[in-house]
Number of protein chains: 4
Amino acid sequence: MKIGILTSGGDCPGLNAVIRGAVLNGVITHDTEFVGFRNGWRGVVERDIVPITRHDVRGLAKTGGTILGSSRTNPFEGEGGGPENIQRMLDAEGIDAIVAIGGEGTLTAARRLHDEGGINVVGVPKTIDNDLAATDYSFGFDTAVQIATEAIDRLRTTADSHGRCMVLEVMGRHVGWIALHSGMAGGAHAILIPEQPQSIEQICEWVESVRSRGRAPLVVVAEGFTLPDMDEAHSHKGLDAFNRPRLGGIADVLAPMIEARTGIESRATVLGHIQRGGEPTAYDRVLATRLGMAVVDAVYERAWGSMVTLRGTDIQTVAIADAVHSLNRVPQSRYDEAKILFG
Amino acid sequence: MKIGILTSGGDCPGLNAVIRGAVLNGVITHDTEFVGFRNGWRGVVERDIVPITRHDVRGLAKTGGTILGSSRTNPFEGEGGGPENIQRMLDAEGIDAIVAIGGEGTLTAARRLHDEGGINVVGVPKTIDNDLAATDYSFGFDTAVQIATEAIDRLRTTADSHGRCMVLEVMGRHVGWIALHSGMAGGAHAILIPEQPQSIEQICEWVESVRSRGRAPLVVVAEGFTLPDMDEAHSHKGLDAFNRPRLGGIADVLAPMIEARTGIESRATVLGHIQRGGEPTAYDRVLATRLGMAVVDAVYERAWGSMVTLRGTDIQTVAIADAVHSLNRVPQSRYDEAKILFG
Amino acid sequence: MKIGILTSGGDCPGLNAVIRGAVLNGVITHDTEFVGFRNGWRGVVERDIVPITRHDVRGLAKTGGTILGSSRTNPFEGEGGGPENIQRMLDAEGIDAIVAIGGEGTLTAARRLHDEGGINVVGVPKTIDNDLAATDYSFGFDTAVQIATEAIDRLRTTADSHGRCMVLEVMGRHVGWIALHSGMAGGAHAILIPEQPQSIEQICEWVESVRSRGRAPLVVVAEGFTLPDMDEAHSHKGLDAFNRPRLGGIADVLAPMIEARTGIESRATVLGHIQRGGEPTAYDRVLATRLGMAVVDAVYERAWGSMVTLRGTDIQTVAIADAVHSLNRVPQSRYDEAKILFG
Amino acid sequence: MKIGILTSGGDCPGLNAVIRGAVLNGVITHDTEFVGFRNGWRGVVERDIVPITRHDVRGLAKTGGTILGSSRTNPFEGEGGGPENIQRMLDAEGIDAIVAIGGEGTLTAARRLHDEGGINVVGVPKTIDNDLAATDYSFGFDTAVQIATEAIDRLRTTADSHGRCMVLEVMGRHVGWIALHSGMAGGAHAILIPEQPQSIEQICEWVESVRSRGRAPLVVVAEGFTLPDMDEAHSHKGLDAFNRPRLGGIADVLAPMIEARTGIESRATVLGHIQRGGEPTAYDRVLATRLGMAVVDAVYERAWGSMVTLRGTDIQTVAIADAVHSLNRVPQSRYDEAKILFG
């Protein structure tokens, strides 16, 4: 068999480990031939294809990023897009199946290509925010949590030295798992997540309660958190209170508000892209490797339109259709659990 | 309520985080009073007790070791040992329940104290080797895997520079999870675990096959691995081939054997105690914190004779009696999965 | 003797190690008694004093921040300020000498207190930017460089995956040492420092030349870097091009400019306060410890108005007056050296 | 010009960064052509030569090991060895100069090739132990110290948890710099170096004094340390007290002796090869890069028989003949300084 791999969407620690797991399993177990589509679906629609040999994936599990590059191209758009064109290209190239590693958009597109065009495709879900309910954990999440936790550890000593309130913004557009886990690991005094809008009054209450115990408050906020009275025009995703495009993130909104209301000197730090790159944790190297190996097994089982996930300690295969739209929100019970430590 | 905590047995990353989780949950949710028994069960039988306040656990989640110390004392031995003496001591101290954090021996003793003496005790299982089947993962395991993986990463470049075979010995007395996970994460060329005795011939075959591909072989071996034809007197736990007490570990046995049989210069590294100490990973800080919080809930639910475990992403409570003796061996399927990458 | 220690100004990795080095040397060698002035000079003028024992500095070398807290208070201001008040306080407290750990402002104040008031004071220079010419390296600098380098390593993989230009802003208000060293260590494609204004055209030239080689450009910029045609109102320290107060830093200015001019998607990351906190590198733990030990020797040598510095591998003592105003600018030769690798 | 590079002797963090610095400086500044001799001098005498392009050194500064491999081959031995053969080979290959990166043996051989055969050769000293007096610091040393310090940090918590004495063996065959710096950074309670033989009585005195203060003793010992009454046959380099070849290192000798004499449970850890491999610190990445760049400048200055070194913050060139035999012993003053903290 000849399998084509693509990595689509945002960078995520472990992408290369997935590629390596897939290639090694295929080559060693099935004598599979592998190619890569460069830069996500763009490589599919533009027929930008490179061979991937066993040698190419040497030592790759510890390397961040993706050797195939990535993009946000949609496989239904563009001249070479759509199931017919893609199938034609696959036939011409002798490619039997596509392994698509990407987020909800990529997996949905993969499912459509299969359902509408009969294209042989399986997926590996990629969501550094861990927002897919069909899997206990997504690869890259543990690394992002580790990076955020180390940032909290560093900010804590600076906060304590100056009696400041430090507000750290971490990833988490729709769900607050990274904030929850790093906040718990790092002993944050307030964890703000999209699932749980908090008023600025409540936030300042938490901050002042910490201050009254002689500690410097540490607030962790997910990028997708909003204040409940923050209307669309003034959300951090749009315009600020002066109707100008926001340069910063929610942390840049909160820090001055906290300082203004409590009198406690407050500083914002936005972790940003650092969370996406570099060497994955051992946990993610193992998980990503296992997922990569499993998706090739799924190809040989002809489990088209499915994707590989983690349940407990087992790697499983589920239909993309059944699974991809369930958002893995932080449940109330998990937030209550974390809140005990700071609320 | 007044709860007494003890940590028993070998050091494990996350012990302090468990203590912190327990104390914060108790103090904040229930206004619990906490004391610690110093140095494991020894503090129970010798009535060596210290208060633990909320202040004492500040910032503790990231600190390795245990503020309570540890020992291998058995609570059924010694002058103050046995259920009657212990209950008498608890009554005198006004302690309502014991939280015992320890390995199989500690949990078994805890169960016996409850079954035979009606002592109010709940447990948190501690096994850095991850050898308890009742829980998906044990706290401290992820950290040990991370440390071992970093060691593999460092040994790899040295191996490649010199064309040597490097043999790294990691923890894993009865089960090979640390070797399996770090070997997978680090791209080892052979993973040797207690569950799967391999002949020296097979090991050398793997090593030479790597060498023939122009790579320097990296072998990861769990401390409890044995060669099948190695009799007791000559196991690495006893005497060596010259009938002298072994100074080294299994890696010190294998490296010279590999070198003698393949001609490839081979070096042994024993990671040892480094795996047990220091800062836990974010993963372990979260898991340990959650387990500590949950065990206090178990006390208030009067779930005596039970222990807290992880299933999927949930913390659960199970009866020690049902759970503690099931050894979490690496199943054949997981070894086969890993073996694909090197076998 | 009784020595009072204070830490003033911004947080810096190694402050606690300096305190520990001083206290251990004093206590062990001279049976010195130590007190700490809390929160910098504020503790001096407000007589906020705490004892520091040998026990208090246990394990402190690896801890970021300062157990004494810090502030930007000036000892010549406020009710208790000025040489007379301070000397009176020292006499009342039986304190024989002050050890002041701080930046140029603190050292200058220390010198004035000695020159104008005869106060017994010695200094340990603190400048994470490494901007003091009297010392080869300042403690905390190596840690800041290490943190910045790790950030570059993480950004690089994300940049490569997306073909983006990543602009990382690091500390360096007046001098560009952190940017120079981390840029060199991390293989940046452009290093922008205050000593070397570059036009946006030159920056874009470097960026496009990298892009033409198929690489994703990585730009490291010191916070104090300015574009030569950027007037004060529009410098990143004041207002932006729309006359509004800037939320971001120089990286937030450059990234959109680079994107607009080159068409290469560009993202800014501001490392910020993360560089100041947390565990110091081994290098800084050693350097800070040695400086702390040496400043106590300087007290016993009655070298008032002096400060301890590093020259080669030796710790030396120099008069603050001679040394404190020489700014350690990155010399042309060092920038040319670095520029070879990217220019 | 065409320059041939070789890396000889033991692995050392930063070797690849030296190669990268040299290649980039040469290619960019002088349009130099580079080749590499594989596996040290073996590649010279066996004419095993590979091209090294700018592309080959991409991202290499952060990678441990050496892309050229290494060996302990002596260029004066073997069929292709000796100045005449080597010069003939260089002429045939059109190679104008050799850059030799290696330890004392390599540099001495380089000098001899120049002195006796007029071969154009310059050197970059490589000594992870930092045992060359002609340079303030050698590349790789900082990384070894960082690794050793992290090991001490991990052992400390385990020691404290169990009240044990932990003995950590680090590199340092003839000089004790790694033990000195890591011991100082890690707060060791005894630092044992080759320059300062200590009796077992003195060591036990230090250990017991720590124990009496309620702490768990941490001993750091350099591999080359010997007990003064340990004769050659019984040094850890030869045979043990039973006249059998030693399996372990000096730590394996000391731990049981300490335990036997003090009754304190003692455990040995030998860091070994982990110290040599993997990613270098930012400090070493900068130093190694600068040395690599400078050695190419030395080639163009025709400074044959010289080597590049670090003095303060400057890279300098010195004659190998003048410099290579001066052993950089830890001076009494530096040991006394460290001893204050534990003695």
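Order of the sequence lines fixes the chain letters, A, B, ..., with proteins taken first and strands second; residue numbering starts at 1 for each chain. For clarity, every value in this text was computed on a predicted model and none was experimentally measured.
A:Arg215 touches chain B through its side chain: at least one heavy atom from C-beta onward sits under 4.5 Å away, while N, CA, C and O do not. Proximity to chain B (any heavy atom under 4.5 Å) is restricted, for A:Thr289, to the side chain, taken from C-beta onward. In this structure, chain A has heavy atoms under 4.5 Å from both the backbone and the side chain of B:Asn25. Heavy-atom distances place both the backbone and the side chain of A:Asp136 under 4.5 Å from chain B. If you measure heavy-atom distances from A:Ile28 to chain B, the contacts under 4.5 Å come from the side chain alone. Residue A:Glu279 touches chain B through its side chain alone, counting heavy-atom pairs closer than 4.5 Å.
The main-chain N or O of A:Pro13 is never found under 3.5 Å from a side-chain atom of A:Asp284 such that the two would form a donor-acceptor pair.
Rounded to the nearest 0.5 Å, atoms CD (B:Gln198) and CD (B:Glu205) are 10.5 Å apart.
Proximity of the aromatic rings of A:Trp177 and A:Phe141 is defined here by a centroid distance below 6.0 angstrom, and this criterion is not met. Ring to ring, B:His181 and A:Tyr283 are not that close: their centroids are 6.0 angstrom or more apart.
Ranked by heavy-atom pairs shorter than 4.5 Å toward chain B, the options A:Thr313, A:Thr29, A:Asp314 are led by A:Thr313. Of the listed residues (A:Arg311, A:His55, A:Arg20, A:Lys62), the one with the most heavy-atom contacts under 4.5 Å to chain B is A:Lys62. Chosen from A:Arg290, A:Met293, A:Gln146, the residue pairing most often with chain B at heavy-atom distances under 4.5 Å is A:Arg290.
Side-chain atoms of A:Asp336 and A:Ser333 include no donor-acceptor pair closer than 3.5 Å.
In this pair, B:His30 and B:Tyr300 present their aromatic rings parallel. The plane angle is below 30°, not in the 30 to 60° band.
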